[in-house]
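Written out below as structure tokens is the structure these notes cover.
Treat the numbers as computed from the prediction; the structure is a model and nothing was measured. Each ligand, and each atom within it, is numbered from 1 in the order the structure gives.
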Amino acid sequence: MAGRVKFDKQTAAKADKHALYLLSVQDPDSDIRFMDRVFKKERGRLPLTLREDFCGTAKLCADWVAKKADGEAWGLDLHAPTMKYGHDHYVKPLGERGARVHLLERDVLDGMTTRVDVAVAFNFSYCVFKDRKTLVRYYESVRRGLDDDGVFFTDIHGGPDAQIEVVERTKHPAFTYVWEQAVMDAVSAHAMRYISFEFRDGTKLNRAFSYDWRIWTLPEMVDALYEAGFARVDVYWEGATSSGEGNGVFRKVKRADNEDSWIAYLAAWPR
Ligand SMILES: C[S@@+](CC[C@H](N)C(=O)[O-])C[C@H]1O[C@@H](n2cnc3c(N)ncnc32)[C@H](O)[C@@H]1O
């Protein structure tokens, strides 16, 4: 678990990039609380089964079954070494419960046959799909894999700042997380993103993660979800602190100001 990793003597050569990624960009506990709240409100019960697309280390799957006595989770990803890391660090420590996490080395476009209460695509991973036809095909695969009363949750980063060159540094106690956005091609909306980590001893894990993305807008995603057969798409917008930072509280909205940089969840319901 990330909490057990010693960060006081971090140096690039010995750094665990997955542990640093978890500390910097993931918050599975908040994701699960949000999904439970919305699902319970809509369906009158808590969800039990999860499909995590683009699961990477499948930390969300592991936390899902750790939290839910009858929970079961499937993680889909193409990159076997990352999934192995997740199995060894997050699933194995769960003991018997770990048997209820199933890691499938698979293209998310192929989906899976077991139907679930909740499917997710988080941290904007669907941006690997560069054209609308493939995005719709992906959403169709998700919809087919949902129970009739299931839901698909995904997230989006938007606002003018999502379309420009950015280097943003966030300091953590023993390292600095660096988010880098390269220039976006205005014609195709393709842009590279990079994650690097800098350490107190001056060393750097340069571009530990690289993403070759299409920067989808929120209305484009909503339109594609309806085209894929979803009956309703809700937008959950993050509230702000008095200093204008995101406060982690997401509420359903019909409209929102296009602030410089924002994060939202979408909830797509098959019925
Ligand atoms: C940004 S990471 C996401 C990790 C984690 N889900 C999260 O929320 O932070 C993107 C992952 O998507 C995987 N990936 C990219 N294209 C894929 C595809 N077509 N099918 C399955 N996995 C894919 C990559 O191997 C990588 O592990």
Side-chain angles (χ1 to χ4, degrees), residues 1-2 16-35 50-65 73-91 101-113 116 118-142 144-145 152-157 162 170 177-182 190-197 205 207-216 224 228 238 248 250 263-266:
M1 298 282 208
D16 176 340
K17 69 175 189 174
H18 295 300
L20 298 171
Y21 175 91
L22 172 61
L23 286 172
S24 303
V25 308
Q26 288 184 297
D27 188 355
D29 199 48
S30 301
D31 290 332
I32 294 170
R33 267 187 281 119
F34 167 76
M35 296 190 287
L50 170 77
R51 162 178 161 183
E52 183 187 9
D53 282 349
F54 311 99
C55 68
T57 61
K59 180 69 167 99
L60 184 67
C61 289
D63 286 6
W64 183 271
V65 304
W74 287 259
L76 279 60
D77 201 288
L78 285 172
H79 196 243
T82 304
M83 297 169 91
K84 178 167 178 0
Y85 175 98
H87 176 264
D88 294 349
H89 289 78
Y90 306 141
V91 179
V101 175
H102 315 281
L103 299 183
L104 309 177
E105 187 186 338
R106 181 175 302 184
D107 193 319
V108 298
L109 289 170
D110 296 332
M112 60 179 213
T113 45
V116 292
V118 172
V120 306
F122 283 158
N123 272 318
F124 329 118
S125 309
Y126 54 85
C127 291
V128 293
F129 300 134
K130 304 273 188 49
D131 60 88
R132 182 187 164 80
K133 210 170 144 192
T134 311
L135 188 68
V136 171
R137 202 177 124 212
Y138 167 57
Y139 289 158
E140 282 169 346
S141 131
V142 173
R144 279 197 301 273
F152 172 50
F153 289 110
T154 189
D155 56 7
I156 174 168
H157 169 217
T170 308
Y177 162 76
V178 186
W179 173 249
E180 195 184 342
Q181 298 179 184
H190 293 178
M192 293 298 298
R193 280 20 184 160
Y194 306 98
I195 291 175
S196 302
F197 302 100
L205 209 52
R207 295 184 170 175
F209 298 95
S210 303
Y211 307 108
D212 182 357
W213 279 352
R214 158 104 184 240
I215 310 306
W216 293 98
E238 191 177 15
F250 290 80
I263 301 273
Y265 281 113
L266 303 185

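In summary, the aromatic rings of Y21 and F209 are positioned with their centroids under 6.0 Å apart. The aromatic ring centres of Y138 and F54 sit less than 6.0 Å apart.
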Check residues 101-108 and write down every donor-acceptor pair under 3.5 Å in which the side-chain atom is one partner and the other belongs to a residue at least two apart or another chain.
residue : atom : partner : partner atom : Å
H102    : NE2  : E72     : OE2          : 2.7
R106    : NH1  : G111    : O            : 3.0
D107    : OD1  : L109    : N            : 2.9

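In terms of the ring-ring contact (aromatic ring centres under 6.0 Å, His included) criterion, H79 has no residue partners (sequence neighbours excluded). Under the side chain to side chain donor-acceptor pair (under 3.5 Å) criterion, Y177 pairs with no residue, sequence neighbours left out.
Annotation: ligand 1 has protein neighbours Y21, Q26, E52, F54, C55, G56, D77, L78, H79, R106, D107, V108, F122, N123, S125, V128, Y211, each with a heavy atom less than 4.0 angstrom from the ligand.
The environment of R137 atom CZ is sparse: at most 12 non-hydrogen atoms of other residues, nucleotides or ligands sit within 6.0 angstrom.
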